[in-house]
Every structure is written in C-alpha cells, then in structure tokens.
Asker: 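Have a look at the structure that comes next, please.
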Number of protein chains: 2
Amino acid sequence: MSNEIRLTPTSYIVLGLLEAAGESTPYDLKQMVAIGLGNFWSLQHAQLYKEPERLTAAGLLSERREESGRRRKHYRVTGKGRAALREWLSEPTAELTELRDLALLKVFFGADPEAMAAAQLPAHEAKLAEYEELRQSAADVADEIPEGPRVSLRAGIEAERIWVGFWSRIRDRGEPA
Amino acid sequence: MSNEIRLTPTSYIVLGLLEAAGESTPYDLKQMVAIGLGNFWSLQHAQLYKEPERLTAAGLLSERREESGRRRKHYRVTGKGRAALREWLSEPTAELTELRDLALLKVFFGADPEAMAAAQLPAHEAKLAEYEELRQSAADVADEIPEGPRVSLRAGIEAERIWVGFWSRIRDRGEPA
DNA sequence: CCTATCATGTAATCCGTTACATGATTAT
DNA sequence: ATAATCATGTAACGGATTACATGATAGG
C-alpha cells in the first residue's frame, strides 16, 4: 500500500506549503502561491487539487473532507511526508536552471532584438518595481519573514535588474561590444 | 487535411533549426541543439523525433525517408512552415520567464542557503567559464555568426554572472543587507 | 572479432495544461 | 433579484520525459 510515486518539484511545493501553513485546502494553497512563490515558480490551480490526491495516495498527506456544505478537502502532512520534505531540503542541488526565455528564443532564431527589447523592457521594469515594493513593505516586519522567502526575493530582484540592463542596452545602442 | 495543431516552443525550435540548416534528420537537429541552443533551452532527443512528425502531419514540414539502409527520415520546412515561423518571429513577446530555479526553491522552503551556495557556485562558475570560452573562440569569426546566437550568448553570460555573484555573497557573509 | 559507444527510433507513462462545470458570495 | 466574480472541483487531452530496443561504427 501507499505506492511509491515520483516526487516532482510540484510535490515538494505542496509539501512545503502544507508544512509551513498546517492543514489547508487546495484553495488555501493557491492563495499562498499567489502571494510569493508564484513569482518564480507558478502552478496551475488544477495541480493544487490533483497533486494532493497523489500525495495522499502515497501516504505523504492525510485528507479530511468536510461532511456538510461544500465538502471541501483539507490536507495535512504526515510523518512520512515530513520526512520526504526534510530529505529533499537537506540535499543541496548543483542543478542549473535553464533560461528558457521565450523572448531570447525568438531572438536566437532571428527576431529583431530591438523590437523585442521594446516589448520586454516595460514588462521587466514593472516586475522589478513590484519586487522592490514588496521588499520595502516587508522591511518593517523583516524579522518575522523567514530567511528563505527573503533570499528568494533578493534573487528575483537581482535577476530582474539583469534583464532590465540587458534589454536596455539592446534598445539604446543596439548590441555593444 | 493537415489538421491544425498547437505550436509550442518546441515546434518553433524544430522549424527554426530546419529553416537555418536546410534538410536534416532528427539526429542532426540533436547535434545543433547541443552546440548552442541547448544551453538555454534543452530538449529530450525523443522530442526531436516526435515533433517533426506532428509538424509534418500539419503540413509545416515535408518528410523524405531513405529507401535503403537505415531508412532515416529527412525533414525540410514547407512554405506553410516557413510562414508560421516568420509570423512567430515577428511578434515580440512581453512574456516574462520564471526563474524556476530548483536551488532557490529549496532555499525558499528552508534549505540552508550556505550549503546550497557551496553546491551552486562551482556549477555556475563552470558554466560561466564555458560561455566565456565560447565567446572567445567565436570572436575570430564573429562576422559569420548571426546576431541571434551572439545576443543569446551574451544574455547567458550576464545571467551566469548574476548567479555567481548571488551565491558568492551568500557563501561569503551570509545574507547582506 | 567482439564489445562499447554512437545513432536512430518507438512505446508507455505521467505530469501539466486546458476546458468544463457548478456552488457560494458580493455587488448593483 | 440578478449578474458577476470568487471558490472549488473534475475530466480530457497532449506534450514531455523515461524506458526500451535495435542498427551501425569504431576501437581494442
């Protein structure tokens, strides 16, 4: 019983969120993703309904369904689930992320870089502004915010700065030496 | 006939490579991906066999199969395929890529940032070195290298620099203000 | 010659996306 | 009340990964 399944990043996201927040419904998870994590790793809401089912079948979560009304499903992490999460967290990864940037892909195949810059720049600038605002508003309560999200936000900001710089240079003078 | 299909980035990669290289086999495509594109957008080799079939069924490629020996399949872009590629290239996208960085995801959920830095730094440094070498060796024949790949390489270098800096700072002094 | 590796391809699985659908809540 | 939006969930489809499998080529 509790067939073993392959755990994907999605699995660990669900485990991680449930571990941090305690018993939650898929919709709760969706909200949590929206406020932070979703900025650098988004998920379809359907996944947040299906993935807990998989994890439950594998014994990593337990499920409680409301008797009346909406009969919502509430999930919580089991000991086994907690162990799986811990192990995953304890293994540093050397894996590198690929850019997988659609704009860059188009440019690679011949799209006009300046036209692309015109579309990308505002988008990246907006995202950067959003992040910096987030950081501002988080500064007050910095002590209450765990290190992980704080570090991740910093990474997001630095990444966005790069892109703003990259596309700016393309727009301003074409490709520099 | 030639049912319309949904074109994914994978589709355009196949179209783009075939357009640039002329008639090719899936294995040729695999080689092309390996030397450049794969650095920022990798694909499974199985996709390079299946995707051309889809595209052929949709009329975007034509297929020629060897009569003798290995009976390899050779593909080339049709007029319809060329038109689809052109249109895609001519539409600048404002879409932003997500980081989807596994190391960052772990840190987000509580993994030790310094341990992660220890694993990530060498990997990013190696990648950066590889890119810069690539750029060096390409400098001589710069005029022959199309703008797209050159710009993409630059983006890759800048991105890697960021990550090296990011993880370095974490390793050196923990999280700075 | 034999065996490792490269080349080439197919099949099965499964995760993720898209689409569909309906139950609550809020606003007008 | 009624429309609109939010909340909640399931079903179907398809692309991507994984696994399997065999044909060529080169090295020992």
Side-chain angles (χ1 to χ4, degrees), chain A residues 3-15 17-18 23-35 37-38 40-58 60-61 63-75 95 97-98 100 102 105, chain B residues 3-15 17-18 23-35 37-38 40-58 60-61 63-75 95 97-98 100 102 105:
Chain A
N3 301 325
E4 69 254 52
I5 57 174
R6 200 161 10 190
L7 298 178
T8 68
T10 301
S11 313
Y12 292 109
I13 287 171
V14 169
L15 285 169
L17 291 174
L18 283 175
E23 191 178 73
S24 309
T25 68
Y27 191 73
D28 295 332
L29 296 177
K30 186 182 155 197
Q31 300 298 85
M32 296 181 224
V33 168
I35 62 176
L37 178 62
F40 73 96
W41 200 305
S42 71
L43 301 91
Q44 237 56 35
H45 88 274
Q47 273 185 273
L48 294 175
Y49 286 88
K50 198 198 305 185
E51 185 65 20
E53 284 174 13
R54 281 185 70 224
L55 296 175
T56 300
L60 304 180
L61 298 182
E63 179 185 317
R64 178 176 68 78
R65 185 147 197 175
E66 291 176 0
E67 297 297 328
S68 63
R70 302 196 137 197
R71 304 184 41 75
R72 281 180 301 185
K73 294 171 179 173
H74 297 252
Y75 295 93
E95 192 174 317
T97 305
E98 289 168 10
R100 283 196 180 246
L102 193 61
L105 187 64
Chain B
N3 302 324
E4 68 253 52
I5 57 175
R6 200 163 8 190
L7 297 178
T8 70
T10 301
S11 312
Y12 291 110
I13 287 172
V14 169
L15 285 171
L17 290 174
L18 284 174
E23 192 179 74
S24 308
T25 69
Y27 191 74
D28 295 332
L29 296 178
K30 186 184 154 196
Q31 299 298 86
M32 294 180 225
V33 169
I35 61 177
L37 177 62
F40 73 96
W41 199 305
S42 72
L43 301 91
Q44 237 55 34
H45 87 276
Q47 274 185 272
L48 294 175
Y49 286 88
K50 198 195 306 182
E51 186 66 20
E53 285 173 13
R54 281 184 70 224
L55 296 176
T56 301
L60 304 179
L61 298 181
E63 178 184 317
R64 178 176 68 78
R65 185 148 198 176
E66 293 175 359
E67 297 297 327
S68 64
R70 304 197 134 197
R71 301 184 43 76
R72 282 180 299 186
K73 292 170 179 173
H74 297 252
Y75 295 94
E95 192 174 319
T97 305
E98 289 169 12
R100 286 198 175 240
L102 192 59
L105 186 64

Asker: Could you pick out which residue, B/Thr8 or A/Arg65, lies toward the 5' side of DNA chain D when each is mapped onto its nearest nucleotide?
Answerer: A/Arg65

Asker: So which heavy atom on B/Pro26 is nearest to which on B/Leu48, and how close?
Answerer: CB-O, 3.3 Å

Asker: Figure out the NZ/C1' separation between A/Lys30 and D/dG9, and round it to whole Å.
Answerer: 11 Å

Asker: Looking at A/Ser24, A/Pro52, A/Pro9, which hits side chain to side chain contact (heavy atoms under 4.5 Å, CB included) with A/Val14?
Answerer: A/Pro52

Asker: C/dG16, OP1 or OP2 - any side-chain N/O from A/Thr10 closer than 4.0 Å?
Answerer: yes

Asker: With sugar-phosphate meaning primed atoms plus P, OP1 and OP2, does A/Lys73 contact a base, only sugar-phosphate, or nothing at under 4.0 Å between heavy atoms?
Answerer: sugar-phosphate

Asker: Between B/Glu51 and B/Arg54, is the closest basic N to carboxylate O distance under 4.0 Å?
Answerer: yes

Asker: For A/His45 and for A/Arg6, find the nucleotide of DNA chain C with the closest heavy atom, then tell me which residue's nucleotide is more 5'.
Answerer: A/Arg6

Asker: May I have the distance from A/Tyr49 (atom OH) to C/dA19 (atom C1'), rounded to whole angstrom?
Answerer: 16 Å

Asker: Measure the distance from NZ on A/Lys50 to P on D/dG14 and round it to the nearest whole Å.
Answerer: 14 Å

Asker: Can you tell me if B/Arg54 touches the phosphate of D/dG15, counting only side-chain N or O atoms and a distance under 4.0 Å to OP1 or OP2?
Answerer: yes

Asker: In whole angstrom, give the distance that lies between atom CG of A/Leu43 and atom P of C/dG16.
Answerer: 8 Å

Asker: Please state how far atom CD in B/Gln44 lies from atom C1' in C/dC15, giving the value in whole angstrom units.
Answerer: 14 Å

Asker: Can you see if the side chain of B/Gln47 gets near the phosphate of D/dT17 - specifically, an N or O under 4.0 Å from OP1 or OP2?
Answerer: yes

Asker: Rounding to an integer number of Å, can you tell me how far A/Leu48 CG sits from D/dT10 P?
Answerer: 13 Å

Asker: If you count heavy atoms of other groups shown closer than 6.0 angstrom to CD of A/Glu95, is the number above 12?
Answerer: no

Asker: Please work out if B/Gln31 contacts a base, only the sugar-phosphate, or nothing of the nucleic acid, heavy-atom cut-off 4.0 Å.
Answerer: nothing

Asker: Report the distance from atom CD of B/Glu51 to atom C1' of D/dT17, rounded to the nearest whole Å.
Answerer: 14 Å

Asker: Knowing that exactly one of B/Glu66, B/Arg65, B/Glu63 qualifies, which makes a side-chain hydrogen bond (donor to acceptor under 3.5 Å, both in side chains) with B/His74?
Answerer: B/Glu66

Asker: Mind calculating the distance between CG (B/Leu55) and P (D/dA16) to the nearest angstrom?
Answerer: 11 Å

